[in-house]
Amino acid sequence: MTALIALTTAIGLALALLTAAAPPAAAADLLSQGRPATSSSTETTSTPASAAVDGNTGTRWSSTFSDPQWLSIDLGATATISQVVLRWEAAYARAFQIQTSANGTAWTTVHSTTTGTGGVQTLDVNGNGRYVRMLGTQRGTTYGYSLFEFQVYGSGGGTPPGNGIPDPTATSLETANGPLTTANYTVPNPSGYGSGTVTYPTNSGSYPSVVLMPGYQGTQQNLQWLAPRLASWGFVVVNVGTNALTDDPESRGRQISAAGTQLIALGNAVGNPLSGKVNGTLGAVGHSMGGGGVMAALRDDSRFRAGVPTAPYHPNGNFSSVTEPTFLLTCQSDSVAHGNTYAVPWYNSMSQAEKLYIEVPGDHLCPMTGSGNKAKQGKWIVSFLSLWLRADTRFGPFLCGPVREPDKNNTALVTRWMDTCSF
């Protein structure tokens, strides 16, 4: 008996040592952040599906006040799903299912409960699929369903949010066209704005969207240079014409929102070239009064996650509440909207936003088609929007760090540079 006890003890010690020496299991990857998200409904335009996968717990998706409702994420390719984290707002699900799908149509349930408690729920699951959704069947409150974040962990999935875009270089970013082929589509029956021409990647996949807004007396020609450049780097771009050439900055801000709404609707519809190409994340670029409109959209419409006001003009604008990343591009000899009058005070007042301010030689027209250094301007704008609308950190070095120093320190190119690096 003594020998048996000794043997058992020895075996137990050996197993304990083996267990202690075994390497830990590989950590699961966060697969959902920045991926395209869709939902059965949204409560308002300020609570879109994309807000649940943006990594920001200050934004949220919320549905209308009825059952059932769902929120779905496209991971880009088949993945092995090991964990789902639901970060609920007060409006949570009492009964819900977590489901996976290979095609977004046929669903397999990997978790189900009728006793949800809200708060932060960490669910260990075992499933495979390209699509993952939360299907709510019974609300926990009289409101809808609302998630600050819907996080899916596992392995596989699509490439990081770049849709096959190759690693950028200074040379590739300074050419007129990026790596993706593009096509144009005229918006039928523009709603809330005058006209719209969409330039989009012909590659498969879905992309963030950017609204281009001209300035006073301006047309789509104002920023025509930028539309194909952005689209060829992975954006769906709508270049808009205003309701009237004299529309003020606040009106232009509302038209930016309207164009974003219609672009998302076109992406969700069938029978047009944009079907499935719009992932719900929005940004905007504008010139002069259009730049003031971009600031208004960032202030008033939480769907817009980044903006680039160029030579921006808005004589009565207070934008201290803007928290989204903002790139203010100004012109040194601008007699209409000098940076010291508008952009610099806005920059200084936006204490909670990531910011970039670049002043370049030229007059008020320097960001427009046919004026200014488009190779450099294009590189900076593409990099800024790729970083903040697609969470593609490969573009960050062109704005922060040693890679950007040749631009920043070239006084013939840049007359003033301010930023909140490291972003």
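These figures come from a predicted structure and were not determined experimentally. Below, each value reflects all heavy atoms present in this structure, side chains not excepted, and no hydrogens, waters or symmetry copies.
Side-chain contact check for T169 and T171: no donor-acceptor pair (N or O, by modelled atom type) lies under 3.5 Å. Residues Y357 and T330 bring a donor and an acceptor atom of their side chains to less than 3.5 Å of each other. Of the N and O atoms on the side chains of Q220 and T197, at least one donor lies less than 3.5 Å from an acceptor on the other residue.
G129 and I81 make their closest contact through O-CD1, 4.5 Å (heavy atoms, listed as atom of the first residue, atom of the second, distance). Closest non-hydrogen pair, Y185 versus P188, comes out as OH-CD, 3.4 Å.
The aromatic ring centres of W61 and F150 sit 6.0 Å or more apart. A centroid separation of 6.0 Å or more is found between the aromatic rings of F327 and W388. Taking the six-membered ring for Trp and the full ring otherwise, H364 and Y313 have centroids separated by 6.0 Å or more.
In this pair, W380 and W417 present their aromatic rings perpendicular. The plane angle is above 60°, beyond the 30 to 60° band.
One finds no salt bridge joining E149 and R87 here, because no Lys/Arg side-chain nitrogen approaches an Asp/Glu carboxylate oxygen to under 4.0 Å. In this structure, R303 does not pair ionically with E324, as no charged nitrogen and carboxylate oxygen lie closer than 4.0 Å.
Remark: Q217 CD is packed, more than 12 non-hydrogen atoms of other residues, nucleotides or ligands lying under 6.0 Å away. More than 12 heavy atoms of other residues, nucleotides or ligands shown are found within 6.0 angstrom of CG on N268.
No side-chain heavy atom of D300 sits under 4.5 Å from any side-chain heavy atom of R254. Taking the side chain as every heavy atom from C-beta outward, V285 and T310 approach each other to under 4.5 Å.
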